[in-house]
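As structure tokens, the structure follows; a few thoughts come after it.
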Amino acid sequence: MEYDFREIEKKWRKKWAENKTFSASDDQTKPKYYVLDMFPYPSGAGLHVGHPLGYIASDIFSRYKRLQGYNVLHPMGYDSFGLPAEQYAIQTGQHPEKTTKENIARYRDQLDKIGFSFDWDREVRTSDPNYYKWTQWIFIQLFNSWYNPRTNKAEKIDTLISVFEKEGFSGNGHDILTGDIEKDLLPFSAEDWKNFDEQKKQEVLMNFRLTYLGEAYVNWCPALGTVLANDEVKDGFSERGGHPVERKLMKQWSMRITAYAQRLLDSLDTIDWSESIKEAQRNWIGRSEGASLKFQIQNTKSQTGEFIEVFTTRPDTIFGVSFVTLAPEHELVSQITTAEQKAEVDAYVTKAKNRSERERMADVNTISGVFTGSYVEHPFTGKQIPIWVGDYVLVGYGTGAVMAVPAHDERDYKFAKHFGLPITQVIERPQDFPLPRRGTEGEDGGNLPWTDKEGKLINSDFLNGLDVKAAIKKAIAEIDSRGFGKGQVNYRLRNAVFGRQRYWGEPIPVYYKNGTPYVLNENELPLTLPEVDKYLPTEDGEPPLARANNWKYQNQFDYEHSTMPGWAGSSWYFLRYMDPKNSGEFVSKKKAEYWGQVDLYIGGSEHATGHLLYSRFWNKFLYDLGYISFDEPFKKLINQGMILGNSAYVYVVLPQTQGHIPFTLSAHHGEHEEIIKLEEKFPGAQIAARKVLLIPEDVYHDIKKNGSNKEVDAWFKKQFAEFGDDMIGSYSSGNAIRTAIDVSLPEGDRLKDLNKLRQWHRQYEYAEQLIEGDYVCSREVEKMSKSKYNVQTPDEFVEKFGADTLRLYEMFLGPLEQAKPWDTQGINGVHNFLRRFWRLFHNDKNEFAVTDGEPSKESLKTLHKTIKKIQDDLERFSFNTGVSNFMIATNEFTDQKCNNRSVLCEMLILLSSYAPHIAEELWEKIGEKESITYAAFPKFNPEYLIESSFEYPVSFNGKMRFKIELPLTLNAAEIEKEVMALENTAKYLEGKAPKKVIVVPGKIVNVVM
RNA sequence: GCCGAAGUGGCGGAAUUGGUAGACGCGCACGACUCAAACUCGUGUUCGAAAGAGUAAGGGUUCGAUUCCCUUCUUCGGUACCA
């Protein structure tokens, strides 16, 4: 019987589903192993061959762990709320639920074809009310909690209330303050607290809740009609859709992730993730140590602030301060600006505030700012220091104000140069350090700004003579003891905006009474998504949920109209898989304890600062509240590399596309009509005009450079000759283009059959070549995308070669973590391997034939060598070398003509995690009754590999020259004697005496001359 | 700019602790089968006629370096007025 993968794969997919072969039991006596893939968003485009790469790797590992006797949890589900379905709904009027369901069905169908061992009974969907009920429940827990810095964990809000009842609140310096709060909270006493009315109390508590409603500058995306979190914005454009994003002050639900900044940073050291992802998170959190420092404002008319607080990482440079800069949005700006400067400052502030994020970014090199007219006093010298406003200072970072030390900071330096402000050097560059390359103005001898933390302090009073590190310490101590400020740690991490002005997301379980937000009771969940007539904002700019009829809490209070962001549901889904049907809890404590951390998490690195940070945050929160027993969700993380498409490009001379008329005609006007007239006169004129000419790359470059090309001119002439002067096609350099064609059309870079191209797309219906023979395409490796016609779907692959070949081939392409191009030419090699493997079990007549009895020594050696390699490869996630080792083993068994039952049985178990269908089929044929899934992984026995002799490579000065086989029983001296006696040795010694002979028994001989 | 990863035949890649560089596969060439082609099977395939050279380039440590150290270059990914 031939290897009929279609029948075999169909058969086993069915059997696995019927028998629920991969169902994870909750039997807690077995050791567990949790393998997770990143939650897919079911997009309308379906899967391409790049998506399953990680799923295949995790599936192989899951199957391997099952063979080792683990109770394996390997679930799959869908992150099914999200923008694309909603955008589609807006365009078509279809309910996003409908399209989402269709997309999920397509995904499921595609996934099923690849033979994954998912436990589908545990599937979750974030848009399912039974699931988002618990997302809402977690939101409520966050709302009812605060972060207590004294215990360093989240607690119920009651403990904060009791602090207020006992201590009141002493203002910004109070040690109970955590994370970022949006606005300064004024101090109050315990007595005050008791006298506050309900609304006031709620307002105060809002500054501490872990999810809270606050006013903040947000990333507003007008095209999407919603705000976005920082990680959803890339270079001033939305990550989804690429629409421009601007800054806007809005009242928003946010998550106080900043409270967890330090813990999120610290516990990175406890998890096994790639260094690059950890670094990305460290940078995103952006911890910096320094000092906060107060500058008294002189001659101020301000009532609330008599000082400007700045944050600096370089308190050592305090004597080099020559001005202070405020962010344009800084609240003190209006208060301190003098009458003379008011007009100028107002104009600047207005302009800066309205500039979009994008403009600001595009414009980083332009220096702008304005003097306020006011001054602060230097805390140590008492000198007058001017206060400026500049948009290089960001309101969201630190205090929104900087002490400018132009001699030792790049931006301060540029600002000072631009406005002619004084520059005081306070650190001497050490002799042995090279001149900085910056500060190119040529002034200051190119010496400034000196920004490295090296050198000795000068012009700095009590800091003189110290080196930078010591000076920082001393300065902080001095600032602290004189009451000018204190040592402080700052984070770049911002609180995460949580509300989205969109329809297709979890409703936020909040209603408003007298303008004050309250969360729903837990027994009122889920708050289901109401029906709306349109998925657009209302006329007065309210989110789509405001369209819902009679959608009010207790029929009178308005619900919150924004919904949760895409990352809400995916921040805890790994917990739900442990207990997906639980209607009383989000996960039972017992099950959470048993399954514990995800042991292996595989997914793309694009989630580095989004999903992977938010999940860690929620996990820590749930841990703090005692619902789960582990502080970090994902123990080991592997980022699979992207599979890139291998696009094919052709160079063509194309029409100026006016309607369907390709070439500009010499006929004066009304081209289309001209053509029709011509067609009557000369049949074939239209076709001639619609021709597309394929040109070689060099001709293309010639046209681009010179505007024309001789051969192409000649071709044009010929094409249109018969139509006379009425119609002469013309072209210019703009008509020569490089354009993608379907990857499947050329073989390698050769386009052998022009007819295939003609049939592929109307545009090429009358395509011709300038030069006879195979057309040479240019190939390029780039991301798969529809517009480049380089997308390959797993479906077509499975149809042609089978799922087992796909699984092996994707692994064989290269290391899991590396990006690699998809090259269809190598498939045959892998497919052939499976056929050769199949043949090991069959005789010449294609009849199933295995022999019993003792296997040969050689076969045992091959087998055990392979067991070791396969296991080692799996343990270090080196799936590509795993496939190679299967090929080597199969080649060896074929040479040995080995068809021994016991040897092949063990090979089947090894192969079953990579190519499960063929393994199951042969396993059944060989006479086994149970699925191979729960067989036992073969035990490696080193005895079979013991050799009596070794072929020693003999090197001269480290260069291998020849080999000699010697018994392994010889010791170093004996080996040296044998080698030195050889004729070959004498030849390479060229009569010289060897200086030294290195012998490593069992490894190598090296002769030093 | 900063951070991270990587650079090995015509191509994807291997070399696990410093010990035979190029496993395995593709492609290519030749041969067998065939009227012929495809498929399949077999042989060869880093460069060089050879001596020899050779893992981005240069230097270092070592008996010995793809592997460790230093300098430089290139590519990819992330990130950026963060004080």
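Below, chain A is the first sequence line, B the second, and so on; all start at residue 1.
- In this structure, the CD atom of A:Gln818 is 14 Å from the C1' atom of B:rG4, given to the nearest Å.
- When each of A:Ile827 and A:Ser955 is assigned the nucleotide of RNA chain B with its nearest heavy atom, A:Ser955 is the one assigned upstream, toward the 5' end.
- Rounded to a whole angstrom, the distance from the C1' atom of B:rU79 to that of B:rC26 is 38 Å.
- If you take CD1 of A:Ile1004 and C1' of B:rU17, they are 15 Å apart, rounded to a whole angstrom.
- Distance noted for atom P between B:rA51 and B:rC2: 48 Å (whole Å).
- A heavy-atom distance below 4.5 Å is not found between the side chains of A:Arg314 and A:Val405.
- Using N1 to N3 plus N6-O4 or O6-N4 for Watson-Crick, or N1-O2 and O6-N3 for G-U wobble, each under 3.5 Å, B:rC81 pairs with nothing.
- A:Asn832 comes within 4.0 angstrom of sugar-phosphate atoms only, judged by non-hydrogen atoms across all strands, and of no base.
- Phosphate proximity of B:rA83 to A:Asn490: absent, as no side-chain N or O sits under 4.0 Å from OP1 or OP2.
- Taking the charged nitrogens against the carboxylate oxygens, A:Glu275 and A:Arg282 do have a contact shorter than 4.0 Å, which makes a salt bridge.
- Between the side chains of A:Thr258 and A:Tyr491, no donor-acceptor pair is found at a separation under 3.5 Å.
- Under the 6.0 Å cut-off for aromatic ring centres, A:Tyr809 and A:Trp822 qualify, their centroids lying closer than that.
- Remark: side-chain polar atoms of A:Asp804 are not paired, donor with acceptor, to backbone N or O of A:Tyr914 under 3.5 angstrom.
- Across all strands shown, B:rC33 forms no Watson-Crick or G-U wobble pair with both key distances under 3.5 Å.
- Between A:Trp838 and A:His842, the ring planes are parallel. Angles under 30° get that label, and only those over 60° would be called perpendicular.
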statement: The contact string for nucleotides 60-69 of chain B, one letter per nucleotide 5' to 3', using protein heavy atoms under 4.0 Å with B, S and - for base, sugar-phosphate only and none, comes out as ---BS-----
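- Here the nucleotide nearest the side chain of A:Lys1003, chosen from B:rG19, B:rU20, B:rG42, is B:rG19.
- Using modelled atom types, one finds a donor on one side chain and an acceptor on the other under 3.5 Å when comparing A:Glu892 with A:Thr862.
- Residue-level contact check: A:Lys963 touches the bases, meaning some heavy atom is under 4.0 Å from a base atom.
- Looking at the side chain of A:Asp391, the nearest of the listed nucleotides B:rU16, B:rA5, B:rC81 is B:rC81.
- Using cut-offs of 30° and 60° on the angle between ring planes, the pair A:Trp388 and A:Phe419 is tilted.
- Taking a pair to require two hydrogen-bonding distances under 3.5 Å in either a Watson-Crick or a G-U wobble arrangement, B:rA38 remains unpaired.
- B:rC70 and B:rU61: their P atoms are spaced 15 Å apart (whole Å).
- Nucleotides B:rU71 and B:rA50 have their C1' atoms positioned 36 Å apart, rounded to a whole Å.
- Syn is the conformation of B:rG9, whose glycosidic angle sits no further than 90° from 0.
- Ranking B:rU16, B:rA83, B:rG13 by closeness to the A:Tyr397 side chain, first place goes to B:rA83.
- To the nearest angstrom, P of B:rG54 lies 11 Å from CZ of A:Arg961.
- Remark: the backbone N or O of A:Leu268 is paired with a side-chain donor or acceptor of A:Lys278 at under 3.5 angstrom.
- When the P atom is compared between B:rA6 and B:rG13, the two are found 13 Å apart, to the nearest whole Å.
- Put simply, CG on A:Leu644 is 12 Å from P on B:rG12, counting in whole angstrom units.
- Remark: B:rC11 base-pairs with B:rG25. Criterion, Watson-Crick or G-U wobble with two distances under 3.5 Å.
- For A:Arg835 and B:rC39, the shortest distance from a side-chain N or O to OP1 or OP2 is not below 4.0 Å.
- Side-chain contact between A:Phe837 and A:Tyr3: absent, with no pair of heavy atoms (C-beta onward) separated by less than 4.5 Å.
- Ring geometry for A:Phe962 against A:Phe956 counts as tilted: the plane angle lies between 30° and 60°, on a 0 to 90° scale.
- Between A:Asn891 atom CG and B:rG25 atom C1' there is a gap of 10 Å when expressed in whole angstrom units.
- Taking atom P in both B:rG27 and B:rC73, one finds a spacing of 40 Å when rounded to whole Å.
- No side-chain donor-acceptor contact under 3.5 Å links A:Thr325 to the backbone of A:Gly390.
- As the counterpart of B:rU17, no nucleotide is assigned, since no Watson-Crick or G-U wobble pattern has both distances under 3.5 Å.
- If you check the side chains of A:Asn891 and A:Arg836, you find a donor sitting under 3.5 Å from an acceptor.
- Between the CG atom of A:Leu813 and the P atom of B:rC11 there is a distance of 16 Å, given to the nearest Å.
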Tabulated below should be each protein N or O lying under 3.5 Å from an N or O of nucleotides 43-48 of chain B; please produce it.
none

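- Pair check for B:rC68 finds B:rG60; Watson-Crick or G-U wobble, both atom distances under 3.5 Å.
- Side-chain atoms of A:Arg492 lie closest to B:rU79 of the nucleotides B:rU79, B:rG4, B:rU16.
- Nucleotides B:rA32 and B:rU67, compared at atom P, are 45 Å apart to the nearest Å.
- Nucleotide B:rA14 holds its P atom 13 Å from the CE atom of A:Met811, rounded to whole Å.
- Judged by closest nucleotide on RNA chain B, A:Asp895 is the one of A:Asp895 and A:Asp409 placed further toward the 5' end.
- Taking only side-chain atoms of A:Arg876, from C-beta outward, the nucleotide of B:rC3, B:rU40, B:rA15 with the closest atom is B:rA15.
- Contacts with RNA chain B (heavy atom under 4.0 Å) in residues 878-890 of chain A: A:Asn880, A:Thr881, A:Ser884, A:Met887, A:Ile888, listed by number.
- Taking the side chain of A:Pro821 as heavy atoms from C-beta on, and the options B:rG4, B:rG12, B:rA15, the nearest nucleotide is B:rG12.
- Considering only the side chain of A:Glu279, B:rC3 comes nearest among B:rU20, B:rG78, B:rC3.
- Less than 6.0 angstrom separates the ring centroid of A:Phe415 from the ring centroid of A:Tyr392.
- Of the nucleotides present, B:rA6 is the one that pairs with B:rU74 by Watson-Crick or G-U wobble criteria, both distances under 3.5 Å.
- Computed from coordinates, the A:Trp273 CH2 to B:rA5 P distance equals 17 Å when rounded to whole Å.
- In summary, A:Lys963 and A:Glu965 do not engage in a salt bridge, as defined by a charged side-chain N under 4.0 Å from a carboxylate O.
- Checking A:Ser288 against A:Asn490 by side-chain atom types alone, no donor-acceptor pair falls below 3.5 Å.
- With a cut-off of 3.5 Å on both pairing distances, B:rA51 has no Watson-Crick or G-U wobble partner at all.
- Taking only side-chain atoms of A:Arg836, from C-beta outward, the nucleotide of B:rU16, B:rG4, B:rC41 with the closest atom is B:rC41.
- With P as the reference atom, B:rC3 and B:rU72 are 13 Å apart, rounded to whole Å.
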